[in-house]
Amino acid sequence: MQEYVPSEIESKWQRHWEESGQFDPEMHPERPKFYMLTMLPYPSGDLHIGHWYAMAPSDAYARFLKMRGHEVFFPIGFDAFGLPAENAAIKHNIHPKTWTYQNIERMRGQLRTMGNMFAWKNEVVSCDPDYYKWSQWFFLRMLEMGLAYREYAPVDFCNHCQTTLAREQVWGEERLCERCENPVVKKELNQWKLRITNYVEELLDFSGLEWPEKVKAMQTNWIGRSEGVEFALKVAGHEDCAFRVFTTRPDTVFGMTFCVLAPEHGLVEQITTLKQREAVRAYREAAARKDEIERMAESREKDGVFTGACAINPMNGAEVPIWIADYVMASYGTGAIMAVPAHDERDFIFARKYGLPTPTVIVPEALRGAVPDGDSLEAVLTDKVGSVMVNSPGFDGLRWPQSFDAVATHMEREGFGERQVNYRIRDWLISRQRMWGTPIPVVYCNDCGMQPVPYEQLPVELPDDAQFKPTGESPLKHHQGFLQTTCPQCGGAAERETDTMDTFICSSWYYYGYLAPYWQHGETLSKESLPWDMETMRAWGPVDQYTGGIEHATMHLLYFRFYTKALADMGLLDFREPATRLFNQGTILGEDHEKMSKSRGNVVNPDDLVQRYGSDTVRMYLMFLGPWDAGAPWNPHGIEGASRFLRSVWALGTQEIPVGPSGDADAEQKVRRALHQTIKKVTDDLQHFRFNTAIAALMSFRNQLRSGGERIGSELREEAIRTLLLLLAPLAPHLTEELWQRCCPDSGSVHIQPWPEHDEALAADALVTLVVQVNGKLRDRLEVPTGMGREEVERLALESEKIQPHLSERSVRKVIVVPDRLVNIVV
RNA sequence: GCCCGGAUGGCGGAACUGGUAGACGCAAAGGACUUAAAAUCCUUCGACCCAACGGUCGUGCGGGUUCGAUUCCCGCUCCGGGCACCA
């Protein structure tokens, strides 16, 4: 018997598969298509065990589907723009392009050792001008459609990365930069944005998508839809002066005892009285400063300043003081609120602090008639359901949601308010003050203003001779060759935009890019150009199964849905959702159960493991660790189990056992039954990404085959081994291919064989273990033929020697029989 | 504070729609083979009591429903993730 030496067979088959083109996408109309997609890697220069954990199971699934008769497309590429390349440029004086392509070259090699069925011919590299010219083309189309715009507004800026960020890329209450985890600051800047908010309602609709509930919840949460009423309040003594507030609780409007404007609100200056002017000015300044610096230490203490002016409650004409306070955000709703302290905890705290009244206007329905005082924070009633309006002339006694409707309708009829839906999500800020990204294709002319670069001039290419400064500032700002251009409108001198696009732009359409390998270098674009062949897109799109990490739930996965909708509106796609099914794999942790990081020294290097155990073993072990979506800590000894298993399969596949064509009938029946049960189990598990239990089933079958091995005939033995190889092929593609070629050299690759089918009759057990319980406690086990009748089962159980002692001196009250399962005797 | 997950042996985990808790693997212990080691193979392996047969307890904690609960319901604890003066 030859020994199992993975290194000898793995590279051989990797080369063979790629050269034979057996995994290149081809349309066979008789086969159902399957677009399998795994999130593309950033070319950091080293393939991490996390990449293996994400991609190896994806590959197993793709291979499984191919054997199940699908035509499978499983592409790969590189998300090649981004900051690390610039940092390397500054540190090592190497152009980001050189650094990136060197890394890609290295990672291609590492990825190939995984043995995935990647369609390498369709690879995309997002920093290739032939790729990013289309990112620019989409941008120009969006500009024409009004989906892209430039705005001067406060934005989040990361000092460490020297760039602005999208709201999605600022994390948590600490407001950390998604890349470097340093706190961001606010800055007022002119920035390009994409109108993702145009699609909010559609983005909230997940119908037809098989996505994890968690991701749907996170996106829904992020979009933050809330239904309410927006209405106008006049300022007393200023006939021409009014402001609007948004509320989700119009039913509490009679309880308004003051209003609050955000310190930045445009009306503040105009309405502040002379007496209050100094206090208001000081508060606004302090608020502006607070926003810049002391964000972390910011307490939730509510304070504010009276403006001296009053607003008129349009419902009852009551005059209420107008305050400014920084607990009201300028960026949400109208930047102003009606304050109802009896029914809002924040308003209550504020009212308490400044001695403002807190009248009750809704009460629990059960308490109707008796209006409680509501003089503590705990007594603040915020419940909608079960509350009724009181002290609200004309509306008393109304319950939610009629109370909402009645007030809203009244406001609409009287013409001072209307129903309104507000969202938390903001438009996508895509400007980055970085060099290594897609240039935003616009120029600024002194005479004509901002002008888009004509389609025919795309791509606007990054210079190859950029000078990087240690300050981290984008070299584009100082690169005269890039900067100086002519205005497409008047032909005069103009300057290019030096901001580049967020790299999430590249990953917002790469899965369509994979299908457009015909981009031609030097091809002149026009508005009528097509980024892909429409027939090919119709045939393959959308993605059938997408896999990747959950960390992109409210970033990439939101942008990627938005892009698909925008591209569909450009007439380039005839579907509106990019991926029908989504699966989020978990994270592989270090041996110490902590997140892997260089500083912790718990990083596992896959290259070393491949060298020592082979790719198949690494794949198998990662899939065996536990459920794919759970992730797991790495156990350096555990991989031995996967290694042993594959070695024993190798032994089974190469050993000659001198037996006749048929063997012991009883042993054969057992093995045959196990075989069909294993086919069933593995098929079902792989369909549901349960790689760990599929592997456990294969191991069990291996155990049975080993123990009964000498007593079965060569015919069944060969069938069993062939089937084992087929079932194992998606998981351990190299070893199975090698053994398959040895046993069935004429049938072609193991990976194009039809998947085995199980026979229900052969899989059925002849005998079952019947559990006998007395009062729910296990007392005996009986081996009985499958399908035994209730009466007989009951009789057998009662007669059992082990049961008898438990029945003495007690009377049987009831006997529960679950056929083929158990008998429970209640005494 | 709100919204999602999760908690099972020494470890990773398994258990279909309530029906044998701990599959499969790792580690450990004992044994076989070997001059020896590695590899391989066999046996044991939740806790406690018992010489043994066997028994009692046991799926984060406390209750409940049920003949029967890791699974369903109620109330907690701890861990992880998301959101958060969002009006």
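Just so we're on the same page: letters track the sequence lines, and every chain starts at 1. Everything numeric in this text was worked out from a predicted model, so none of it was measured.
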Reckon [X] has a side-chain N or O less than 4.0 Å from the OP1 or OP2 of [N]?
X	N	value
A:Ser226	B:A87	yes
A:Arg706	B:C41	yes
A:His593	B:G80	no
A:Arg702	B:G25	yes
A:Arg644	B:A38	no
A:Asn703	B:G25	yes

Just checking [X]: base, sugar-phosphate only, or nothing, at a heavy-atom cut-off of under 4.0 Å?
X	result
A:Ser648	nothing
A:Met329	base
A:Asp347	nothing
A:Leu625	sugar-phosphate
A:Arg167	sugar-phosphate
A:Val826	sugar-phosphate
A:Glu213	nothing
A:Arg779	sugar-phosphate
A:Asn692	sugar-phosphate
A:Gly224	nothing
A:Val328	base

Distance between the [atom1] atoms of [N] and [M], in whole angstroms?
N	M	atom1	value
B:C26	B:G13	C1'	11 Å
B:C72	B:U59	P	15 Å
B:U8	B:C79	C1'	16 Å
B:G6	B:G10	P	23 Å
B:C85	B:G75	C1'	31 Å
B:G54	B:A39	C1'	41 Å
B:C74	B:C3	P	14 Å
B:G9	B:A23	P	13 Å

Residues [X] and [Y] bridged, charged N to O under 4.0 Å:
X	Y	value
A:Asp685	A:Lys681	yes
A:Glu201	A:Arg225	yes
A:Arg600	A:Glu591	no
A:Asp156	A:Lys186	yes

May I ask which nucleotide in the shown strands pairs with [N], Watson-Crick or G-U wobble, both distances under 3.5 Å?
N	result
B:C57	B:G46
B:G1	B:C83
B:A52	none
B:U40	B:A32
B:U71	none
B:G9	none

Whole-Å distance between [N] [atom2] and [X] [atom1]?
X	N	atom1	atom2	answer
A:Phe350	B:A87	CZ	P	18 Å
A:Asn221	B:C3	CG	P	11 Å
A:Glu551	B:G80	CD	P	18 Å
A:Met699	B:A14	CE	P	14 Å
A:Asp344	B:C86	CG	C1'	11 Å
A:Lys777	B:U66	NZ	C1'	16 Å
A:Glu227	B:A87	CD	P	12 Å
A:Trp222	B:C2	CH2	C1'	16 Å

query = Is the shortest heavy-atom distance from the side chain of A:Thr257 to the side chain of A:Thr358 under 4.5 Å?
reply =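 No, too far: nothing below the 4.5 Å cut-off.
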query = Any side-chain heavy atom of A:Arg249 within less than 4.5 Å of one from A:Ile362?
reply = yes
task = Report the residue (A:Thr769 or A:Asn775) whose heavy-atom-nearest nucleotide on RNA chain B is the more 5′ of the two.
result = A:Thr769
ask   = In terms of the nearest nucleotide of RNA chain B, which residue is placed more toward the 5' end: A:Ala217 or A:Arg426?
value =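 Looking at the nearest nucleotide for each, A:Ala217 comes out on the 5' side.
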Minimum-distance nucleotide (side-chain atoms of [X] versus [options]):
X	options	result
A:Ala696	B:A87, B:C24, B:G19	B:C24
A:Asn824	B:G54, B:G13, B:G68	B:G68
A:Lys302	B:A87, B:C85, B:G80	B:C85
A:Arg424	B:U20, B:C86, B:G12	B:C86
A:Val818	B:G19, B:C26, B:A14	B:G19
A:Thr693	B:A15, B:G55, B:C85	B:A15
A:Arg647	B:U40, B:G81, B:C85	B:U40

query = Can you say whether the rings of A:Phe689 and A:Trp628 are parallel (under 30°), tilted (30 to 60°) or perpendicular (over 60°)?
reply = tilted
message = Does the plane of the ring in A:His556 sit parallel, tilted or perpendicular to the ring in A:His552? Use 30° and 60° as the thresholds.
response = perpendicular
query = So, is B:G55 syn or anti if syn means the angle is within 90° of 0?
reply =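 It is anti.
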ask   = Quick one: does A:Arg249 reach the base of B:C86 with a side-chain donor-acceptor pair under 3.5 Å?
value = no
request  = Please evaluate the base of B:C67 for a donor-acceptor partner in the side chain of A:Lys814 within a cut-off of under 3.5 Å?
outcome  = no
request  = Could you verify whether a donor N or O on one side chain and an acceptor N or O on the other, from A:Ser643 and A:Arg647, lie under 3.5 Å apart?
outcome  = yes
ask   = What's the verdict on side chain to side chain donor-acceptor pair (under 3.5 Å) for A:Glu227 and A:Thr248, showing C-alpha distance, side-chain angles and the deciding distance?
value = CA-CA 6 Å; A:Glu227 280 183 31; A:Thr248 55; over 6 Å; no
